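In this text the structure is predicted, and so the values were computed from the model without any measurement. Convention: sequence-line order gives letters A, B, ...; per-chain numbering from 1.
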Amino acid sequence: MTDTKNHTAGAAGSLEGRVFRPASAAEAAEAVELAFDYRGDVTLSLASGELIVGYLYNRLVADRDSYIEIFPSDHPAPRRIPYDAIASIAFTGEDTANGKSWEIWVSKKESERQAEAERVEADARTRGHL
Amino acid sequence: MAVPLSQMYTVSKYVLTQKLKGVKRYPLVLMLEPLFRCNLACAGCGKIQYPDHVLDKRLTPEQCWAAAEECGAPIVSIPGGEPLIHPEIARIVQGLVDQKRYVYLCTNAILLERKLDEYQPSKFLTFSVHMDGLKNEHDLAVCRDGVYDVAVKAIKAALKRGHRVTTNTTMFDDANPERIRKFFDEMMALGVEGMMISPGYSYQKAPDQQHFLKRERTRELFSKILGSPKRGWQFNQSPLFLEFLMGHREYQCTPWGNPTYNVFGWQKPCYLLQEGYTKTFRELMELTAWDNYGTGRNEKCADCMVHCGYEASAVEDTFGTVSGFARTAKLTLLPTSR
């Protein structure tokens with residue numbers, strides 16, 4: 001599978017910023033699996049030239065007619081895209097799971113923990129969830 | 001007795017009916033996730049790491065009611081995210097109560113006291129409050145100071161209004177058995193109906209992959225905690241599941257026992273693993289390769305002992321074997337005989 005390499009490096013262990021241009025059905029399947037496990041938006045470039053930005057939440061692998069399902073970031077309804085229509089998959093959205101481990105939380109200085117907790121609390125308050 | 005007789009009767013009747021019908025795989029608890037958005041960001045939680053546009057999605061009341069009907073489980077557990085954020089959650093709950101399902105509304109209780117007016121006390125509705133330990137441990141686990149005190153205040157308010165209230169606790173590998181036992185004392189002193197406990201598990205997408213319990217450590221920890229239970233402790237779960245956690249019984253996972261429905265659809269194969277989604281419950285049951293999951297069958301499941309996979313196994317043991325039934329009866333009537 002071609003990883004263009006010309007990406008901005010995401011956090012260690014994250015695919016954030018990488019772009020995959022599958023050259024075969026097997027490579028397409030591999031890239032889709034990575035995108036399915038990714039906790040951020042991806043940008044699909046279709047063979048038709050269309051670009052779709054969204055969260056890839058499902059895929060069905062079949063002998064023929066494999067497809068992915070994606071929630072576009074700008075539309076409430078999901079879309080179904082055949083594997084063979086995908087020209088590239090770019091991991092363009094923030095990897096929301098990265099750097100959120102318990103160890104990282106505990107290893108932070110108290111002031112950093114406090115600042116992060118206050119940021120999360122302020123965000124929830126802004127949304128009216130507190 | 002932690003679980004009311006009417007609920008025991010309903011679940012017993014349901015399970016026995018499935019057995020008489022010859023149904024091999026049946027759901028026991030629907031895990032209904034109406035949203036992923038939360039007002040906390042706990043370090044051990046893998047349920048809330050999504051882009052904003054996904055966190056803003058909600059199941060509608062009609063989708064929730066249809067999922068419960070389609071699934072048919074007598075119990076519905078509503079986790080999330082934080083369900084009380086959902087603007088229509090009270091209506092969703094009432095609709096499920098109208099279906100005569102036993103609903104466990106899981107909440108961190110931050111909004112609970114403020115929203116209590118929206119709920120009528122009912123034997124079908126239980127607030128299951130997330131409490132991960134005493135004040136210091138809980139506030140550290142949820143990554144915010146003061147949440148324990150808010151939750152305790154909300155529990156008292158809910159109990160005062162006549163609601164059923166339980167606690168749900170996830171234990172991680174740094175749990176201190178003595179502190180946990182003291183925590184059980186405090187929760188029972190509040191007057192909750194019972195407690196639910198489960199080991200944490202490093203499921204696939206949880207960000208905290210190093211901090212969850214391995215199997216042997218799980219058994220050791222729960223043996224220390226539950227080995228000599230106090231008379232006043234009540235657990236709102238199968239006594240055989242607690243025996244399983246202590247290493248006294250061996251079970252294989254029952255992933256179809258707690259099917260999960262959320263904004264993506266029916267989740268394959270279980271509440272913790274995300275291997276894909278189906279549009280219907282029937283597709284979930286028919287298209288999932290169930291034999292590929294469980295300890296010894298799948299490396300992702302190797303150390304899992306979580307309630308969503310094994311509590312249904314314990315219930316199956318109760319109704320499927322004479323020894324299981326006898327042991328359940330004994331532990332229910334004499335919980336300190338463990």
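To the nearest 0.5 Å, atoms CG (Asp56(B)) and CZ (Arg127(A)) are separated by 6.0 Å. In this structure, Glu275(B) CD and Asp37(A) CG are separated by 8.5 Å, a value rounded to the nearest 0.5 Å. With rounding to the nearest 0.5 angstrom, the CG atom of Asp123(A) is 10.5 Å from the CG atom of Asn39(B). Atom NE2 of His129(A) and atom CG of Leu84(B) lie 11.5 Å apart (nearest 0.5 Å).
Judged purely by atom type and a 3.5 angstrom limit, Asn58(A) uses its side chain to pair as donor or acceptor with the backbone of Tyr277(B).
A salt bridge does not link Glu116(A) with Arg144(B): every distance from a Lys NZ or Arg NE/NH1/NH2 to an Asp or Glu carboxylate oxygen is 4.0 Å or more.
Note: Phe264(B) and Tyr57(A) have parallel aromatic rings, judged against thresholds of 30 and 60 degrees for the angle between ring planes.
Proximity to chain B is limited to the backbone of Pro72(A), based on heavy atoms less than 4.5 angstrom apart. For Gln114(A), the part lying near chain B is the side chain, with the backbone staying farther off; criterion is any non-hydrogen pair under 4.5 Å. Heavy-atom distances place the side chain of Lys57(B), and not its backbone, under 4.5 Å from chain A.
What you find for Tyr55(A) and Val54(B) is that their closest heavy atoms are CB-CG2, 3.6 Å. Of all non-hydrogen atoms in Val120(A) and Ala41(B), the two that sit nearest each other are CG1-CB, 3.8 Å. Pairing each heavy atom of Ala117(A) with each of Cys143(B), the nearest pair is CB-O, 3.4 Å.
The shortest distance between side-chain heavy atoms of Gln49(B) and Glu94(A) does not fall below 4.5 Å.
Contacts with chain A were tallied for Ile110(B), Leu40(B), Asp52(B); Asp52(B) has the most, counting heavy-atom pairs under 4.5 Å.
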Subject >> Chi angles and distances behind the side-chain hydrogen bond (donor to acceptor under 3.5 Å, both in side chains) call for Asp41(A), His53(B) >> reply: CA-CA 10 Å; Asp41(A) 279 343; His53(B) 67 96; 2.8 Å; yes
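For Lys279(B), the NZ atom is densely surrounded, since the number of other residues' heavy atoms within 6.0 Å is greater than 12.
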